[in-house]
2 protein chains.
Amino acid sequence: MLPGSKAVQAPRDADPGRRGRIIRESARLFRERGYERTSVRDIASATGLQSGSWVYYFRTKQEILAAVMEEGLQRSLVRIEAIGQQAGAPRARFEALVRTHLETLLAPGQDFIPVLLYDWRSLEAAARPRVVALQRRYEAVWDTVIAELRAAGEWTGATRIDRLLMFGALNWIAHWYRPGGGLDVRALAAEATRFFLRGGGRSLKRKPGRRTR
Amino acid sequence: MLPGSKAVQAPRDADPGRRGRIIRESARLFRERGYERTSVRDIASATGLQSGSWVYYFRTKQEILAAVMEEGLQRSLVRIEAIGQQAGAPRARFEALVRTHLETLLAPGQDFIPVLLYDWRSLEAAARPRVVALQRRYEAVWDTVIAELRAAGEWTGATRIDRLLMFGALNWIAHWYRPGGGLDVRALAAEATRFFLRGGGRSLKRKPGRRTR
DNA sequence: CCTTTTTTCAAGCAAGCGCTTGATCTAGAC
DNA sequence: GTCTAGATCAAGCGCTTGCTTGAAAAAAGG
């Protein structure tokens with residue numbers, strides 16, 4: 001029988017098991033080269049298996065891709081929805097959302113969300129609705145906080161378009177951000193919040209950082 | 001002999017010839033399915049050729065991808081640099097840049113830039129420097145106008161980071177924008193300019209538009 | 001210790017891939 | 001017409017791909 005429905009939930013950051021390791025290594029490879037350029041043989045050898053052994057855990061390569069995306073979204077969602085239920089000033093909660101978003105986007109070893117963003121086209125139509133449903137829950141939290149910001153007079157403009165522009169600015173960071181380049185995620189989150197909300201935050205002094213594309 | 005170095009430059013929007021048609025159809029297919037999922041047979045049949053005939057115009061499939069990206073950047077660059085040399089209020093010129101950027105990004109039949117953004121990973125390292133050089137020229141124009149905005153007090157914050165955030169917001173639009181959804185490119189450009197610069201512009205009323213991801 | 005179940009191996013199939021090849025067609029110059 | 005160079009055809013080679021397969025190894029249960 002196929003595994004996956006374990007009776008006991010594994011503790012956080014524990015040994016993820018073969019299946020979890022396949023997901024993690026696949027995420028890394030998908031992010032580096034893209035889904036199509038990653039062969040199942042690449043995945044097998046990165047996990048320390050023989051060419052056909054992954055089939056015991058997943059039926060198809062597509063199923064691995066879907067698992068990567070859902071795993072990443074689930075993890076982010078836990079943190080984002082927790083912030084959504086906290087109390088506090090809207091601006092502070094907004095910045096917390098931004099910081100959490102960037103952490104799950106940029107933290108090393110967390111390649112799930114970049115894969116979701118870059119390889120969406122490679123996910124077959126049948127698997128998309130489940131992922132989209134998770135994204136909807138994700139956006140709902142943001143919309144709530146944005147509504148609070150608007151009530152406080154800190155957000156003007158059309159919510160939907162502005163939110164899409166904002167996600168664009170944030171998600172695009174994965175294209176150019178290089179860890180260890182003199183700009184950590186927390187500072188970047190503050191800078192981005194200032195960019196979206198104007199004022200309140202303080203602009204960064206530039207360090208002699210890395211090149212970007 | 002290989003064609004491509006014609007003595008006379010073809011007039012705008014004239015018949016692009018076989019080579020040009022291969023580039024155009026490839027751009028369309030690359031955008032829809034991605035570079036890896038597009039086979040040279042797909043390209044051939046979309047252009048009305050037999051499976052191996054494209055080799056007369058390009059040595060490798062990679063060469064087609066590079067041609068698509070450079071073609072698109074060259075076209076955009078002509079328009080962007082023209083705006084860079086115009087006179088006028090900084091804000092108006094900035095909005096013109098935004099509008100032009102969005103037109104080359106979203107206009108139907110202009111799939112070059114989306115391919116550049118989505119399939120960058122698929123471009124082999126050897127071909128990248130030429131494309132990057134064109135991008136540098138592109139960004140230089142923006143930096144000039146942003147410097148003017150800053151002098152006029154309309155742009156605060158770290159130029160480099162803010163410019164990257166801004167490009168993120170703009171480029172991401174290609175993910176969610178649907179032509180004919182009650183929001184034309186000109187209005188979108190105005191909305192985006194307001195988002196970046198705050199104030200001056202007027203927010204859009206929402207029409208009962210399309211879904212987005 | 002033997003049986004049963006879970007997990008892994010290692011060879012390989014069928015299909016699709018980028019690209020090659022030698023022949024064929026087309027059109028203008030003489 | 002004849003020649004020639006440019007342009008296209010159509011078959012297919014060699015390789016990689018996702019996935020299958022039948023068996024072997026390892027773990028678990030009694």
Side-chain angles (χ1 to χ4, degrees), chain A residues 1-8 10 15-27 29-30 32-68 115 119 121-127, chain B residues 1-8 10 15-27 29-30 32-68 115 119 121-127:
Chain A
M1 205 196 91
L2 281 169
S5 54
K6 297 238 186 79
V8 181
D15 176 54
R18 270 273 126 91
R19 188 189 147 96
R21 234 169 296 148
I22 291 174
I23 292 179
R24 176 163 28 90
E25 292 302 313
S26 298
L29 291 168
F30 290 164
E32 280 173 19
R33 325 178 192 172
Y35 175 79
E36 325 281 349
R37 297 168 70 97
T38 304
S39 72
V40 292
R41 287 169 176 80
D42 293 335
I43 294 172
S45 84
T47 323
L49 290 175
Q50 290 301 110
S51 68
S53 303
W54 59 273
V55 191
Y56 181 72
Y57 296 95
F58 299 92
R59 252 169 308 213
T60 63
K61 189 188 169 192
Q62 271 288 323
E63 212 170 78
I64 302 180
L65 178 62
V68 166
V115 170
D119 286 322
R121 270 184 316 192
S122 299
L123 186 68
E124 64 188 3
Chain B
M1 205 195 91
L2 283 169
S5 53
K6 300 238 185 77
V8 181
D15 177 55
R18 271 274 127 91
R19 189 188 146 96
R21 234 169 295 148
I22 290 174
I23 292 179
R24 175 161 33 89
E25 292 302 312
S26 298
L29 292 168
F30 291 164
E32 279 174 21
R33 327 179 189 173
Y35 174 78
E36 326 281 349
R37 297 168 69 98
T38 305
S39 73
V40 292
R41 287 169 176 82
D42 293 335
I43 295 172
S45 83
T47 324
L49 290 175
Q50 290 302 108
S51 67
S53 303
W54 60 273
V55 191
Y56 181 72
Y57 296 95
F58 299 93
R59 254 170 307 214
T60 63
K61 188 187 169 192
Q62 271 288 323
E63 212 170 78
I64 302 181
L65 178 61
V68 167
V115 170
D119 287 321
R121 270 184 317 192
S122 299
L123 186 67
E124 64 187 4

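Nothing here was measured: the structure is a model prediction, and the numbers come from that model. Throughout, a chain's letter reflects where its sequence line sits, starting with A, and its residues are numbered from 1.
Distance CZ (B:R37) to C1' (C:dG18): 18 Å, rounded to an integer number of Å. Between the CG atom of A:L49 and the C1' atom of C:dC9 there is a distance of 10 Å, rounded to whole Å. Look at OH on B:Y35: it is 8 Å from P on C:dG18, rounded to the nearest Å. When rounded to the nearest whole Å, the span between CD of A:Q50 and C1' of C:dG12 equals 14 Å.
When the side chain to side chain donor-acceptor pair (under 3.5 Å) test is applied to B:R41, no partner is found at least two apart in sequence or on another chain. Considering only residues two or more places apart in sequence or on other chains, B:Q50 meets the side chain to side chain contact (heavy atoms under 4.5 Å, CB included) condition with B:S53. Annotation: side chain to side chain donor-acceptor pair (under 3.5 Å) contacts of A:E25 (sequence neighbours excluded): A:R28. Among residues two or more places apart in sequence or in another chain, the salt bridge (charged side-chain N to carboxylate O under 4.0 Å, His left out) test is passed with A:R33 by A:D42. Under the rule for a side chain to side chain donor-acceptor pair (under 3.5 Å), the partners of B:S122 that lie at least two apart in sequence or sit in another chain are B:E36. Remark: B:E63 engages B:R59 in a salt bridge (charged side-chain N to carboxylate O under 4.0 Å, His left out) (not counting sequence neighbours).
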Extract from the structure each pairing of a protein N or O with an N or O of nucleotides 19-22 of chain D at less than 3.5 Å, listing the distance.
| residue | atom | partner | partner atom | Å |
| --- | --- | --- | --- | --- |
| D:dC19 | OP2 | A:K61 | N | 2.7 |

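With A:Y35 contributing its side chain and A:Q62 its backbone, the two residues share a donor-acceptor pair below 3.5 Å.
Note on A:T38: only backbone sugar-phosphate atoms sit closer than 4.0 angstrom, heavy atoms only; bases stay farther off.
Distance CD1/B:I43 to CZ/B:R21: 15.0 Å, rounded to 0.5 Å.
Between D:dT8 and B:R18, a contact under 4.0 Å exists linking OP1 or OP2 to a side-chain N or O. Within the 4.0 Å cut-off from OP1 or OP2 of C:dT8, not a single side-chain nitrogen or oxygen of A:Y56 is found. Between A:Y57 and the phosphate of C:dT7, there is no side-chain N or O to OP1/OP2 separation shorter than 4.0 Å.
Each end of the helix from C:dC1-D:dG30 to C:dC30-D:dG1 yields a helix axis from five base pairs, and these two axes differ in direction by 0° (to the nearest 10 degrees).
For residues 43-58 of chain A, the set of pairs meeting the salt bridge (charged side-chain N to carboxylate O under 4.0 Å, His left out) definition, not counting sequence neighbours, is empty.
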